[in-house]
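So that we are looking at the same thing, I have put the structure below in structure tokens.
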Amino acid sequence: MMKKYLFATIPMMIGVLCLFIKGIIGDEVLANGVIVEKNFFLIPLSYLFFFSGILTLIFFSMLKKQNNAKNRLL
């Protein structure tokens with residue numbers, strides 16, 4: 001039972017990890033005032049992982065409700 005929630009938890013943890021790594025690496029401001037954002041791709045990647053985990057969690061909870069309703073009918 002807990003295995004299916006692992007499919008939802010892992011992407012959300014990876015998303016949080018991406019934001020954490022982005023925060024650790026940080027940004028750099030050059031002498032002329034230009035901001036150099038190293039690893040900017042981690043921000044949209046973290047959103048992608050986090051929302052895919054949420055969608056997976058919603059999918060599995062709807063699947064569980066459907067199975068419970070089916071078992072009640074039998």
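Residue indices begin at 1 and follow the sequence shown. Values in this document were obtained by computation on a predicted structure and should not be read as measured data.
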(request) First locate atom CZ of F60, then atom OG1 of T56, and finally report the distance between them rounded to the nearest 0.5 Å. (result)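 It is 6.5 Å, given to the nearest 0.5 Å.
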(request) Evaluate whether atom CG of L30 has more than 12 neighbouring non-hydrogen atoms of other residues, nucleotides or ligands under 6.0 angstrom away. (result)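 Yes.
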(message) Nearest 0.5 Å, please: how far is CG in L45 from CG in L19?
(response)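 It comes to 9.5 Å.
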(request) With the side chain counted from C-beta on, respond yes when I21 and L42 share a heavy-atom pair under 4.5 Å apart, and no when they do not. (result)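 Yes - at least one pair of side-chain heavy atoms lies under 4.5 Å apart.
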(message) Checking the side chain of K22 only, and the main-chain atoms of L17 only, is there a donor and an acceptor separated by less than 3.5 Å?
(response)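 It does not hold such a pair.
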(message) To the closest 0.5 Å, what do you measure between CZ (F41) and SG (C18)?
(response)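 That separation rounds to 8.0 Å.
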(request) If you link ILVMFWY side chains whenever their heavy atoms are less than 4.5 Å apart, which other residues fall into the same cluster as I24? By chain and number, please. (result)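 The other cluster members (ILVMFWY side chains, heavy atoms under 4.5 Å, direct or chained) are F20.
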(message) I'd like to check the side chain to side chain contact (heavy atoms under 4.5 Å, CB included) partners of I54; sequence neighbours left out, ordered by chain and number.
(response)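 By the side chain to side chain contact (heavy atoms under 4.5 Å, CB included) rule, I54 matches M12, F50, F51, I58.
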(message) Let me check something: do L6 and F49 share a hydrophobic cluster, defined by ILVMFWY side-chain heavy atoms less than 4.5 Å apart, either directly or through other members?
(response)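 Same cluster: L6 reaches F49 through Ile, Leu, Val, Met, Phe, Trp or Tyr contacts under 4.5 Å.
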(message) I need the I43 CD1 to L48 CG distance, nearest 0.5 Å.
(response)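 Output value for this atom pair is 14.0 Å.
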(request) Could you tell me the separation between the OH atom of Y5 and the OG atom of S61, rounded to the nearest 0.5 Å? (result)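 One finds 6.5 Å between OH of Y5 and OG of S61.
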